[in-house]
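See structure below.
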Amino acid sequence: MLQDYIKIFMIDYISNLLNFFYKFSDKLEKNNIVKKINKSKISIDFSSKSKQGEVSSNFYLITKKLILDDNYKFKKILSEELKNLDYIDNHEISVSGFINIFFKKKYLAEHLQYLIEQDKNYGKSNFGNNQKLNIEFVSANPTGPITVAHLRGAVLGDVLASVFQQIGYSVTREYYVNDSGSQIQILTNSLFKRYSQLLGYKVELKENEYPGNYLIELAKKILNKYEDYWIKADQIKREDYFREYAISELIKYIQDDLILLNIKFDKFTYESEIVKKNIIEELFLILNNKKLLYEGILEKPKGEDIEEWESRKQLLFKSTEIFDDRDRAFKKANGEWTYFANDAAYHLEKFKRKYDKLINIWGSDHIGYIQRMRSIMMAVTNKNDYLDIITCQIVRLFKNNQILKMSKREGNFITLKSLFESVGKDPLRYFMISTRSETAMDFNMNKVLEKNNENPVFYCQYAYARASSVINKSKDLNINIKNFNQHINIYDYLCEDEINIILKLLSYPYILNQTAKFKEPHRLTNYLEDLSSSFHSFWNKGKDNESLRLIDPSNIKKTQSKLIWLNAFRIVFKNLFNIIGIESHEKM
RNA sequence: GUGCCCGUAGCUCAGUAGGAUAGAGCACCAGAUUCCUAAUCUGGGGGUCGUGAGUUCGAAUCUCGCCGGGCACGCCA
């Protein structure tokens, strides 16, 4: 575990410091000066809030009380060690016990140089060691177009996949297509009814069937090709045809819609394939060998009155033995596999494809399913973290201060496509990941179209455009920054605001790794907004104070110094924009 | 009734692994444009972090109880 930390933090100053404290802790333990230090409690605070140092740490605070020998001069020895670090300029241990640290300017300049050399690759690492990671998301049933209900998970999955790719995982973006089961049967019937209607037959859709216009379009296509052939055809052949045609066309629709947001899947796995391969028998054997299956009767849920409750004997999965609070049906009373059993088989199949780790992104309506699926994967892999499930709460759409209500049954749901047409890709992608996925989110369709402070997408893009405009302007002045090595003393020309921006830029690899670790892409947008704010603020200082402007034609060295961090700023922004999937405009 | 998630400023949300005086944006008030993009910035007011206890040097953060909201709760998918 500790090794992981060290690996993560290899390239940034936060990592270096943590690494130092970890080693120092080891030494204290080895020499019996302390018994045991809980290294996970060591923190580096790099926020701009702590004005007392460029960064600060609680290391002294949490360690001093663990010292066994009263004669051990901990504070003095720690200070000596810190002084010996070649990247620390000075430090002090405050009265309250925090260690406040300032870095050597040369050290930061070297990191800045590294950032610029790395360019597009800055932030990338091999932390993932090329492990195979499967991220399954969207997986909407192919019974209609993609709606806003799947939007959040779609962007979340796509961005997370990009983040993991950055830090060295081999990522597969996967979509699971539920193409068997009763919903699909209903879809097939609905399509045939539409087809029949086009031929003049008087059939009505039932309440649970799919009313959307898209099925009429599909029916027309069938009609054009086959005319009335299917009316008289063999029922089984006809159903096979309608089912397969509906699914393949609807999957195409779904793919086309997702491409609008630049979301592409590497693999579509069909439930029917899993069934055909009979994976479920393998799963059955595994669970049976572990004595996790039994014939039993599920208890009636307490509290809620369920009329017509009927106890039935069926095959149950002993998920209570692992993570769940209830055993779950594995076979229906009529002997068929449950949906859950088939889904579990699909997850076994992913395991058999030799992924090192699985991530699923589910809507909040599936929260109740998490523990049984985790239980299955624990039983299969013996690893409790092999499968990680992230849930998304709903997105409520607001327009003109009113909630847009949606009902799939009435067919008035809002499709991803229509939302894309009114809002555009960048705001959709940005907003979908800018809040924690577990928090229910309000999406205000009016505000995302505004081009001002209220709209963080534009706020960040504008910062990038401003930075770019300076770079372009500098080209007119023939200022080049190619020989960065000669300007290792750039800090002589920079003020505190700029140094703080540089520190933030250099924390990017750490932010990226934390984002992956917690699987929370909103950390990226927070980081972007923080940096944008610092940048705009600094920019405006140049209005009052000419010496703070980025370009000073009378002082080339100073201007070069500023252009260097400005370049770094653009590199980090561009990399982040790419990960989030929004555009970077040189001009706006 | 049970499980999971959420509750931070009037509104929308952050709070980076338990750290120093809880932060942004919007809204409200007052300012900044002969100057690299004012799609921006500066200043001001506004908080019992749902609530009560506990853990400790230290809690918005961890534990437990309560209150409020969301999702789900036999064989559907």
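Remember, predicted model here, so these are calculated numbers, not experimental data. Within every chain, numbering begins at 1; the chains are lettered A, B, ... in the order of the sequence lines, protein sequences first and strands thereafter.
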Sugar-phosphate, base or nothing in reach of [X], heavy atoms under 4.0 Å:
X	answer
Ser311(A)	base
Leu298(A)	sugar-phosphate
Tyr527(A)	nothing
Lys587(A)	base
Ala463(A)	nothing
Ser182(A)	sugar-phosphate

Can you sort out the partners of Arg429(A) under side-chain hydrogen bond (donor to acceptor under 3.5 Å, both in side chains), two or more places apart, ordered by chain and number?
Asp158(A)

Expected string for nucleotides 55-71 of chain B under the B/S/- scheme (protein heavy atoms, under 4.0 Å, primed atoms plus P, OP1, OP2 as sugar-phosphate) is --B------------SS

Residues forming a side-chain contact (heavy atoms from CB on, under 4.5 Å) with Ile186(A), sequence neighbours excluded
Gln183(A), Ser190(A), Asn208(A), Glu209(A), Tyr210(A)

Among residues at least two apart in sequence or on other chains, which ones pass side-chain contact (heavy atoms from CB on, under 4.5 Å) with Phe577(A)?
Cys460(A), Gln461(A), Tyr464(A), Leu528(A), Phe573(A), Ile582(A), Ser584(A)

[X]: what forms a ring-ring contact (aromatic ring centres under 6.0 Å, His included) with it, not counting sequence neighbours?
X	value
Phe431(A)	Phe443(A)
Tyr175(A)	Phe265(A), Phe268(A)
Tyr270(A)	none
Phe20(A)	Phe24(A)

Taking for each residue the nucleotide of RNA chain B with the nearest heavy atom, is it Ser532(A) or Gln314(A) whose nucleotide lies nearer the 5' end?
Ser532(A)

Residue pair Glu529(A)/Glu438(A) against RNA chain B: nearer the 5' end by closest nucleotide is Glu438(A)

Considering only heavy atoms and no angle criterion, is a donor-acceptor pair shorter than 3.5 Å present between the side chain of Ser56(A) and the base of A20(B)?
yes

Establish whether the base of A20(B) is bridged to the side chain of Asn58(A) by a donor-acceptor pair shorter than 3.5 Å.
no

Could you tell me if Asn360(A) and His347(A) have a donor-acceptor pair between their side chains, going purely by distance under 3.5 Å?
yes

Of the candidate nucleotides [options], which contains the atom at the shortest distance from the side chain of [X]?
X	options	value
Asp442(A)	U2(B), C5(B), U12(B)	U12(B)
Asn540(A)	A38(B), A39(B), U40(B)	U40(B)
Met588(A)	U2(B), A14(B), A39(B)	A39(B)
Tyr462(A)	U2(B), U37(B), G74(B)	U37(B)
Ser537(A)	U40(B), A14(B), U42(B)	U42(B)
Tyr459(A)	U16(B), C13(B), U40(B)	U40(B)
Tyr510(A)	U16(B), C5(B), C36(B)	U16(B)
Asn100(A)	C6(B), U37(B), A20(B)	A20(B)
Thr338(A)	A38(B), C76(B), A14(B)	C76(B)
Phe46(A)	U37(B), G15(B), U16(B)	U16(B)

Represent RNA chain B in dot-bracket notation, 5' to 3'. Only Watson-Crick or G-U wobble pairs with both distances under 3.5 Å count; pseudoknot-style crossings use [ ] and interstrand partners use |.
(((((((..((((.....[...)))).(((((.......))))).....(((((..]....))))))))))))....

Can you check the Met441(A) CE to A14(B) C1' distance for me, whole Å?
15 Å

